[in-house]
Amino acid sequence: MRLSVKSSSISGSLTLAIDAKAKKMKSEGMDVVGFGAGEPDFDTPSFIKEAAKEALDRGMTRYTPVAGIAELKEAICHKFKEDNGLDYKPSQIIVSNGAKHSLYNAFQAILNPGDEVIIPSPYWLSYPELVRLADGVPVFVETREEDDFKLKPESLKKAITPKTKALVINSPNNPCGCVYERAELQAIAEIAVENQLFVVSDEVYEAMVYDGLQHISIASLGPEIKDLTIVVNGVSKTYAMTGWRIGYAAAHEDVVKVMSNVQSHTTSNPNSIAQYASLAALTGHKDEVKAMVDEFDKRRKYMVERINSIPGLSCRMPKGAFYVMMNISQVIGKTYKGRRIEGSLSFADALLDAQMVAVVPGVAFGADNFVRLSYAVSLDNIKKGLDRIEAFVRELEG
């Protein structure tokens, strides 16, 4: 079969086998503790669901404008003004089928064949594939755990070539949990402006910040960097609406126009009912959001303290999102009942077999000395899972 060379080169999830095995074990009645959750374990607030029901009752089930209904775009503009100090017009906003779709549209709009996109590593696993789908070339810049996995200006400068077109910034970060502070973003912004690089700023976890930190959008640091930035956000994480599939982006009108044209030929408009639900989310109260983040904070502190008490394992305290990158470098090379731990994938596989705990191998994020654990699971399951991880590590030999 003569299939597309480009599409055939797009890799599936490196963790699919682990995930499939965990699901099979659960279906067989096994007590598997899963730390792979990429979504809040809370229900969508009731007032948002009621808004969706009302939209159904009103018959709001037709096509909408490609870039989203006017009311929702106005609400997004208001959100950017209130939360981020950013002034956008509705013509600078596009609503899409999830933040991932917004990212897809962004790369399709700005990249030509061979254009390079700088991606700090560890990275969310879809970034490089989205770049490749737009005929771009992902360029990975390794960050260090001792720097909280943040991109340093000197590393960014070294990675820039005549082919560099864009830079991806994800703060708060998946998978590392780091949050860039204003001065750090300012240094990156100056380099982007000097080299006229687009900045694709993924801010979908902005509500999940801890320890008194404030989320800063790089686009808010001046008119020049704002014109170069495509801000991507959505309702999925903040309002526990992952399945509703509504993301949005803000950018220069010329960029948004191209993104809208691309979307018009791929998916048309986002789901009409979900748009009205998202309108309610953005204009309603934030009580459930605060309660959710407070609970994540408790789980975060417990998980970090517990991991760092286990010999051979360690982690940094994440400042945002709901993930911990657990350093397993001290146990690589050891064996479990004759099975050698070669890296994150073999660690995750052996852990699942031995203790029925599922984690995400760091190799999927370009960081094979780590595994990712989500604390978007109940505290009881976190305690149970970490008990099992400790038992597993204590049985390693070598």
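Small disclaimer: the values here were computed from a predicted structure and weren't measured. By convention here, the first residue in the shown sequence is residue 1.
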Under 4.5 Å between side-chain heavy atoms, hopping through other hydrophobics if needed: is there a path connecting I341 to V357? yes
Between P270 and I246 the two heavy atoms that sit nearest each other are CB-CD1, 3.8 Å
Could you go through D202 and Y127, starting from their C-alpha distance and side-chain angles, then the distance that decides it, and tell me whether this counts as side-chain hydrogen bond (donor to acceptor under 3.5 Å, both in side chains)? CA-CA 10 Å; D202 183 350; Y127 292 142; 2.6 Å; yes
Can you confirm whether K257 is buried at NZ, in the sense that more than 12 heavy atoms of other residues, nucleotides or ligands lie under 6.0 Å from that atom? no
Can K73 and V95 be said to form a side chain to side chain contact (heavy atoms under 4.5 Å, CB included), step by step? CA-CA 7 Å; K73 292 169 71 175; V95 184; 4.2 Å; yes
Within the structure provided, determine whether T283 and E71 are in side-chain contact (heavy-atom separation under 4.5 Å). no
Relative to the ring of F370, is the ring of F149 parallel (under 30°), tilted (30 to 60°) or perpendicular (over 60°)? perpendicular
Please examine the side chains of K89 and E253, heavy atoms only from C-beta on, and report whether any two atoms are closer than 4.5 Å. yes
Measuring from D297:CG to M208:CE, what's the distance to the nearest 0.5 Å? 12.0 Å
Plane angle bin for Y123 and F140 - parallel if under 30°, tilted between 30 and 60°, otherwise perpendicular: parallel
Can you check salt bridge (Lys or Arg N to Asp or Glu O under 4.0 Å) on D353 and K337, steps first, answer last? CA-CA 11 Å; D353 284 343; K337 295 184 178 179; over 6 Å; no
Are more than 12 heavy atoms from other residues, nucleotides or ligands located less than 6.0 Å from atom CD of E305? no
According to a 4.5 Å side-chain heavy-atom criterion applied to Ile, Leu, Val, Met, Phe, Trp and Tyr, with indirect links allowed, do V304 and V371 form part of one hydrophobic cluster? yes
Any chance you could measure I188, atom CD1, to L167, atom CG, to the nearest 0.5 Å? 6.5 Å
Within a 6.0 Å radius of atom CZ on R62, are there more than 12 heavy atoms belonging to other residues, nucleotides or ligands? no
Donor-acceptor pair, K286 side chain versus G284 backbone, under 3.5 Å? yes
Which is it for W124 and L103 under the side chain to side chain contact (heavy atoms under 4.5 Å, CB included) test, yes or no, and what are the steps along the way? CA-CA 12 Å; W124 180 49; L103 289 164; 3.6 Å; yes
Given side chains that start at C-beta, do those of I169 and L185 come closer than 4.5 Å, heavy atoms only? yes
Would a 4.5 Å heavy-atom cut-off, applied to side chains only, mark H215 and V179 as touching? no
For C315, does its backbone N or O pair with a side-chain atom of N308 as donor and acceptor, under 3.5 Å? yes
Would R340 and E342 count as a salt bridge (Lys or Arg N to Asp or Glu O under 4.0 Å) here? Give the steps. CA-CA 6 Å; R340 183 178 170 85; E342 302 284 358; 3.2 Å; yes
Shortest non-hydrogen pair, G68 vs Q275, comes out as CA-OE1, 3.2 Å
Are L125 and F107 in one and the same hydrophobic cluster, where Ile, Leu, Val, Met, Phe, Trp and Tyr link if side-chain heavy atoms are under 4.5 Å apart? no
Quick one: does K163's side chain have a donor or acceptor within less than 3.5 Å of a partner on E116's backbone? no
Any side-chain heavy-atom pair of F35 and M303 under 4.5 Å: yes
Kindly indicate, with the supporting measurements, whether the criterion salt bridge (Lys or Arg N to Asp or Glu O under 4.0 Å) is fulfilled by K290 and D294. CA-CA 6 Å; K290 183 181 184 305; D294 287 346; 2.9 Å; yes
What one should report as the nearest heavy-atom pair of V377 and G34 is CG1-O, 3.5 Å
May I ask you to decide if V232's main-chain N or O and S102's side chain share a donor-acceptor pair within less than 3.5 Å? no
Please determine whether salt bridge (Lys or Arg N to Asp or Glu O under 4.0 Å) holds for the pair E129 and R132, giving the CA-CA distance in whole Å, both sets of side-chain angles, and the decisive distance to 0.1 Å. CA-CA 5 Å; E129 306 304 345; R132 292 185 180 107; 3.1 Å; yes
Starting at NZ of K81, measure out to CG of D87 and round the result to the nearest 0.5 Å. 3.5 Å
Main-chain N/O of V262 paired to T266 side chain as donor or acceptor, under 3.5 Å: yes
Return yes if some donor-acceptor pair links the side-chain N/O of N97 with the main-chain N/O of R245 below 3.5 Å, else return no. no
Please confirm whether the backbone N or O of V231 pairs with a side-chain atom of S201, one donor and one acceptor, at under 3.5 Å? no
Nearest heavy-atom approach of P361 to S344 is CB-OG, 3.6 Å
Given the rule in the side-chain hydrogen bond (donor to acceptor under 3.5 Å, both in side chains) test, do S378 and D380 qualify, once you have shown the distances and angles that lead to the verdict? CA-CA 5 Å; S378 72; D380 285 344; 5.4 Å; no
Answer yes or no: is there a side-chain heavy-atom contact under 4.5 Å between R388 and D31? yes
All heavy atoms of T238 vs all of V289, minimum pair found to be O-CG2, 3.4 Å
When hydrophobic residues are tied together by side-chain contacts of less than 4.5 Å, even through go-betweens, does L379 share a cluster with F42? yes
Tell me, please, whether Y88 has K226 positioned over its six-membered ring: NZ or CZ under 6.0 Å from the ring centre and within 45 degrees of its axis? yes
Quick one about N84 and E206 (side-chain donor to acceptor, distance below 3.5 Å, no hydrogens or angles considered), yes or no? yes
Give a yes or no on whether the backbone of V193 and the side-chain of Q196 come within a donor-acceptor separation of less than 3.5 Å. yes
May I ask you to test the I389-L313 pair for a side-chain heavy-atom distance under 4.5 Å? yes
Identify the heavy atoms of I93 and C77 that sit nearest to each other, and give their distance. CG1-SG, 3.7 Å
Could you check if a side-chain atom of L386 sits within less than 4.5 angstrom of a side-chain atom of I307, using non-hydrogen atoms only? yes
T143 side chain to S121 backbone, donor-acceptor under 3.5 Å: yes
Tell me whether K150 at atom NZ has more than 12 heavy atoms from other residues, nucleotides or ligands lying less than 6.0 Å away. yes
Indicate the ring-plane relationship of F296 and F322, choosing parallel, tilted or perpendicular according to the 30° and 60° boundaries. tilted
CD of E142: more than 12 outside heavy atoms within 6.0 angstrom? no
Taking it one step at a time, do I382 and Y375 satisfy side chain to side chain contact (heavy atoms under 4.5 Å, CB included)? CA-CA 7 Å; I382 290 173; Y375 47 91; 3.9 Å; yes
For K6, is the NZ atom crowded, meaning more than 12 foreign heavy atoms sit under 6.0 Å from it? yes
What's the separation between atom CD1 in I191 and atom CD in E154, rounded to the nearest 0.5 Å? 8.0 Å
With I110 as reference, evaluate D115, I230, V117, V258 under the side chain to side chain contact (heavy atoms under 4.5 Å, CB included) test and give the passing residue. I230
Main chain of L72, side chain of Y276: is a donor-acceptor contact present, judged purely on distance under 3.5 Å? no
Rounded distance [0.5 Å steps], CZ in R372 versus CZ in F365: 4.0 Å
Kindly determine whether L86 and S217 satisfy side chain to side chain contact (heavy atoms under 4.5 Å, CB included), including the steps that lead there. CA-CA 9 Å; L86 284 165; S217 174; 3.7 Å; yes
